[in-house]
Amino acid sequence: MTKIKACLFDLDGVIVDTAVYHFHAWRRLANELGFDFTEHQNEQLKGISRMESLELILGWGNVTSLSEEEKLGWATRKNDWYLDLVKEMTPNEVLPGVKDFLVLLRENNIKIALGSASKNSKLILEKIEMLYYFDAIIDGNNITKGKPDPQVFLMGAEATHCKPEDCVVFEDAVAGVQAGIAGGMRVIGVGSPEILTEADIVINNFEEMTLEKLG
């Protein structure tokens with residue numbers, strides 16, 4: 001039987017894959033500013049905030065003339081385009097095995113929290129009919145520091161009334177794995193072992209997940 005008392009989940013790429021929606025919205029922004037944006041570049045935005053993402057994209061496009069006010073305007077526009085796509089999401093977009101694993105956690109009285117940089121996490125969870133499963137939601141509306149800073153996961157541990165050492169983090173991004181480690185938590189990577197080298201273990205998806213693997 002596991003000693004773990006809480007599981008803390010990233011959202012994008014762990015519960016549901018919204019990367020494609022971010023890609024389409026960021027690419028539209030880049031195109032309107034006169035350059036293109038690739039899927040490879042989109043991968044480098046995993047786990048970081050909207051404004052940090054914008055700064056990277058502007059750098060790739062050599063756009064140096066925007067004021068802070070203009071940057072905020074473009075970030076808002078991108079988010080509006082993204083939300084238009086998110087509003088069409090359905091429960092069919094939940095990644096394999098996620099729902100069954102969350103049910104298993106609840107059956108074993110293990111707390112469930114979200115730890116995401118997204119400011120749209122509640123809307124997404126509502127659209128995919130997963131909001132019910134979460135005891136706490138810590139996201140871009142609560143945090144002041146992005147991953148790899150551990151703030152989001154430490155706040156998640158606090159919200160579930162659990163010590164960091166009694167928590168497991170699920171992450172698909174290097175910055176997120178580093179955030180979990182910095183918070184003193186066990187980290188399970190979701191994705192590629194070649195990329196998530198610092199995670200304690202790595203799974204392809206939640207169909208492989210058991211209580212025993214929590215540690």
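Met89 contributes atom CE, which lies 5.0 Å from atom OH of Tyr21 (distance to the nearest 0.5 angstrom). With rounding to the nearest 0.5 Å, the separation of CG in Leu85 from NE2 in His24 is 7.0 Å. For the atom pair CG (Asn108) and CD1 (Ile4), the distance works out to 13.0 Å, reported to the nearest 0.5 Å. Here the CD-CG distance, from Glu52 to Leu54, works out to 11.0 Å after rounding to the nearest 0.5 Å.
In this structure, Thr18 and Tyr82 have side chains that are in contact, with non-hydrogen atoms separated by less than 4.5 Å.
Between the Lys213 side chain and the Glu208 main chain, a donor and an acceptor come within less than 3.5 Å of each other.
Partners of Glu194 by side chain to side chain contact (heavy atoms under 4.5 Å, CB included), not counting sequence neighbours, listed by chain and number: Ser192. Qualifying salt bridge (Lys or Arg N to Asp or Glu O under 4.0 Å) partners for Glu43, counting only residues two or more places apart in sequence or in other chains: Lys46. Contacts of Ala113 classified as side chain to side chain contact (heavy atoms under 4.5 Å, CB included), with partners at least two apart in sequence or in another chain: Leu8, Ala136, Thr160. Taking Phe134 as the reference, nothing meets the ring-ring contact (aromatic ring centres under 6.0 Å, His included) condition, with sequence neighbours excluded.
No more than 12 heavy atoms of other residues, nucleotides or ligands lie within 6.0 Å of NZ in Lys111, so this atom counts as exposed by the packing criterion.
The residues Glu32 and Arg28 are annotated as salt-bridged, a charged nitrogen and a carboxylate oxygen being separated by less than 4.0 angstrom.
In this structure, the ring of Phe9 has its center no less than 6.0 angstrom from the ring center of Tyr133.
Every pair passing salt bridge (Lys or Arg N to Asp or Glu O under 4.0 Å) that includes a residue from residues 135-153 is listed here, sequence neighbours excluded: Asp10-Lys147, Lys147-Glu171. Sorted by first and then second residue, the pairs that involve residues 56-77 and meet salt bridge (Lys or Arg N to Asp or Glu O under 4.0 Å), not counting sequence neighbours, are Glu55-Lys71, Glu68-Lys71.
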Pair Lys5-His161, side-chain hydrogen bond (donor to acceptor under 3.5 Å, both in side chains): steps then yes or no: CA-CA 9 Å; Lys5 296 178 181 177; His161 308 291; over 6 Å; no

